[in-house]
Amino acid sequence: MEAIRRIKGTQDILPQEVGKWVAVETKIRQTMNTFHFEELRTPIFEKTELFARGIGQLTDIVSKEMYTFPDRSKKLITLKPEMTAPIMRAYIENKLYALSSVTKLFYIAPLFRQENPQAGRLRQFHQFGAETLGAASPDADVEMIALSLAIYKALGISGLTLKINSVGDPACRPAYRDTLKNYIRPHLNEYCSDCQRRFDENPMRILDCKNETCSRLNEEAPKISEHLCDDCQTHYDQVKAQLQKLDIPFTEDPYLVRGLDYYTRTVFEITSDALGAQNAICGGGRYDLLAEELGGQPTPAVGFASGIERMLMVAEKQGLILAEENRLDVYLVAMGTDATREIGFWLHQLRAAGIRTERDYLGRSMKAQMREANKLKTRYVLILGEDELNNNIFSLKDMEQGEQSQIPFNELIPTVKNLLTK
RNA sequence: GUGGGUGUAGCUCAGUUGGUUAGAGCGUCUGGUUGUGGCCCAGAAGGUCGUGGGUUCAAAUCCCAUCACUCACCCCA
């Protein structure tokens with residue numbers, strides 16, 4: 001019989017790594033809380049239409065990467081490939097705008113995209129992120145950047161690069177797009193085939209093409225930052241001024257263009273050189289047009305998303321210890337059938353007292369039980385044999401010191417508890 | 001979708017120009033005298049050599065196909 005394997009691009013998070021995940025999730029929640037963001041959990045799947053409308057039909061995510069299938073009633077549903085659209089949907093559907101004029105939400109969630117896996121890219125992956133809905137202020141943009149950086153700092157991750165740009169808004173982007181196309185058009189046949197395709201679909205993407213020829217041609221290309229309307233320019237200037245005030249280093253990247261249709265004005269990305277080709281651990285920006293797109297009232301919004309697997313890769317590379325090893329407090333060693341009959345009772349008492357305790361279930365020799373206790377890095381071993389049974393005592397061995405003492409049955413729990421608090 | 005790389009024990013890997021019962025280290029298990037872990041010593045278990053064909057007296061080794069994993073492109077976290 002052939003063993004069934006997991007689906008390509010998915011991962012089992014094994015017991016020895018779960019501690020890391022829990023520690024990271026805890027740190028994220030703590031920092032989010034400090035910044036006064038509240039957690040929102042949405043379903044794992046949504047109507048396909050939500051993403052088609054929210055993210056944009058022409059994006060790669062929607063056109064070729066979504067896990068979409070009909071349910072039993074033939075309605076198309078999609079495993080969520082990103083969180084911004086579901087958050088916005090929940091905000092509108094639950095009328096969260098009625099609770100307060102600014103809504104600050106965060107999430108930690110598994111997401112799904114049917115791409116070919118590679119380093120730092122999975123089909124089921126995890127992101128945490130935050131969204132501020134209802135605030136148009138550039139300070140809200142800066143808060144997002146500060147928040148994501150605070151989380152990395154709390155985890156001890158360093159060596160990150162923050163890149164920012166502005167992609168304009170409906171007042172200035174269409175004109176810029178034409179200017180850009182006019183510049184490119186005479187050279188279009190010199191660009192790579194991907195760029196020639198992008199020319200009609202999404203010309204701004206041509207700017208961040210990694211192809212050498214293309215990037216050389218792009219050097220002379222008009223930059224959006226030089227073609228912003230007054231409002232966008234002011235917004236962008238204020239973001240930069242505030243970042244400087246907060247002493248957050250950044251580099252302006254005129255070629256930074258986020259892939260999703262809904263972005264307006266500020267976009268940013270945080271990268272690490274500890275990663276492979278997929279070097280972004282965080283991406284975000286402003287999306288003032290999404291709420292209307294999803295049938296809500298116009299609502300200015302800004303957010304970011306960060307890949308947890310990629311973040312863990314960076315942490316790993318930097319040798320960070322995110323979670324302490326969970327050691328066993330007590331291992332109960334029993335010798336002989338009489339003692340073996342009794343230790344179930346003591347196991348129960350110790351655990352009821354909150355002491356992390358294990359025993360042997362295989363009827364193994366004392367030596368084997370001691371080896372097991374050692375392997376589990378147990379702090380104390382309690383030995384119950386014939387002698388102990390006859391005298392109503394346990395022999396207690398300190399596995400670090402190697403010293404052994406005796407404890408009467410009726411003093412066992414308080415004595416062990418006392419030892420463990422030291 | 002496209003391209004490169006890799007598939008031998010639970011893990012990391014050896015395996016010569018094709019040539020006996022396919023090896024090592026680590027890990028696991030059991031011992032090293034009556035009831036004691038870590039170091040050391042001894043032993044054991046564990047392999048359809050990814051899978052299916054082909055060439056050959058003989059294939060882990062050569063050829064073809066296929067699958068899986070992996071890295072990269074596109075794109076993104």
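Computed from heavy atoms alone, side chains included, the values below leave out hydrogens, waters and symmetry copies.
- Among the nucleotides B/G1, B/G35, B/G37, the one closest to any side-chain atom of A/N116 is B/G1.
- Across B/A58 and B/U66, the matching P atoms stand 26 Å from one another, rounded to whole Å.
- With a 3.5 Å ceiling on both atom-pair distances, B/G46 lacks any Watson-Crick or G-U wobble partner.
- For the C1' atoms, the distance from B/C11 to B/G32 is 28 Å, rounded to whole Å.
- Pairing each heavy atom of A/N418 with each of A/T421, the nearest pair is O-OG1, 2.7 Å.
- Here B/A59 sits opposite no nucleotide as a Watson-Crick or G-U wobble pair (both hydrogen-bonding atom distances under 3.5 Å).
- Between A/R371 and B/G38, a side-chain N or O to OP1/OP2 separation shorter than 4.0 Å is present.
- Among the protein residues, A/A373 comes within range of no part of the nucleic acid, since none of its heavy atoms lies under 4.0 Å from any strand.
- Counting only heavy atoms from C-beta outward, the side chains of A/M311 and A/I157 approach each other to under 4.5 Å.
- Nearest to the side chain of A/A368, among B/C69, B/U30, B/U36, sits B/U30.
- For the residue pair A/N374 and A/R371, no side-chain donor N or O sits within less than 3.5 Å of a side-chain acceptor on the partner.
- Dense packing is recorded around CD of A/E190, with more than 12 heavy atoms of other residues, nucleotides or ligands lying under 6.0 Å away.
- When the P atom is used for both B/G25 and B/U21, the distance is 23 Å, rounded to whole Å.
- Of all nucleotides present, none satisfies the Watson-Crick or G-U wobble test against B/G18 with each distance under 3.5 Å.
- If you check B/U70 for Watson-Crick or wobble pairing at under 3.5 angstrom, you find it paired to B/G4.
- B/C76 atom C1' lies 7 Å from atom CD of A/E65, rounded to whole Å.
- Distances shorter than 4.0 Å separate some side-chain N or O of A/R364 from OP1 or OP2 on B/C29.
- Counting to the nearest Å, the P atom of B/C75 and the CD atom of A/E269 are 13 Å from each other.
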Task: Steps toward side-chain hydrogen bond (donor to acceptor under 3.5 Å, both in side chains) verdict (A/Y183, A/E220) - done: CA-CA 9 Å; A/Y183 165 82; A/E220 301 293 317; over 6 Å; no
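- For A/K47 and A/E93, the salt-bridge test fails: no basic side-chain N is under 4.0 Å from an acidic carboxylate O.
- Atom OH of A/Y263 is separated from atom C1' of B/C75 by 14 Å (rounded to the nearest Å).
- Pairing for B/C26 is with B/G10, a Watson-Crick or G-U wobble pair whose two hydrogen-bonding atom distances lie under 3.5 Å.
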TODO: I would like to know whether A/D178 and A/K181 meet salt bridge (charged side-chain N to carboxylate O under 4.0 Å, His left out); could you show each step before the answer?
DONE: CA-CA 5 Å; A/D178 289 342; A/K181 288 177 85 166; 5.8 Å; no
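- For A/L275 and B/A72, the CG to P distance is 10 Å, given to the nearest whole Å.
- Among the atoms of the strands shown, none is found under 4.0 Å from any heavy atom of A/E403.
- Between B/A77, B/U36, B/G37, one nucleotide has an atom nearer to the side chain of A/A305 than all others, and that is B/A77.
- A/Q404 comes within 4.0 angstrom of a nucleotide base, judged by non-hydrogen atoms across all strands.
- Close to B/A72, at under 4.0 Å from its OP1 or OP2, lies a side-chain N or O of A/Q118.
- Candidate nucleotides B/C73, B/G35, B/G38 were compared by shortest atom distance to the side chain of A/I383, and B/G35 ranks first.
- A straight line from CD of A/E131 to P of B/A77 spans 11 Å, rounded to a whole angstrom.
- Taking atom P in both B/A14 and B/G52, the straight-line distance is 24 Å, to the nearest Å.
- In this structure, A/M311 places its CE atom 22 Å from P of B/C76, rounding to the nearest Å.
- Nucleotides B/U6 and B/U17 are separated by 24 Å at their C1' atoms, to the nearest Å.
- Atom name P, nucleotides B/C57 and B/U2: the rounded distance is 40 Å, in whole Å.
- Distance from the side chain of A/E115 is smallest to B/C75 among B/A68, B/C76, B/C75.
- With no hydrogens or angles considered, no side-chain donor-acceptor pair links A/D169 and A/H235 at under 3.5 Å.
- Contact annotation: A/K367 does not reach the phosphate of B/G38 (side-chain N/O to OP1 or OP2, under 4.0 Å).
- Note on A/K64: every side-chain N or O is 4.0 Å or more away from OP1 and OP2 of B/C75.
- The side chain of A/Q369 contributes no N or O atom lying less than 4.0 Å from OP1 or OP2 of B/C29.
- Across all strands, A/I308 comes closer than 4.0 Å to no nucleic acid atom at all (heavy-atom distances).
- B/G38: glycosidic angle within 90° of 0, hence syn.
- In the set B/C69, B/A77, B/U36, B/A77 carries the atom at the smallest distance from any side-chain atom of A/F125.
- One can place CD1 of A/I270 at 15 Å from C1' of B/C76, the figure rounded to the nearest angstrom.
- When heavy atoms are screened at a 4.0 angstrom cut-off, A/G129 is found touching no nucleic acid atom at all.
- When the C1' atom is compared between B/G23 and B/C64, the two are found 29 Å apart, to the nearest whole Å.
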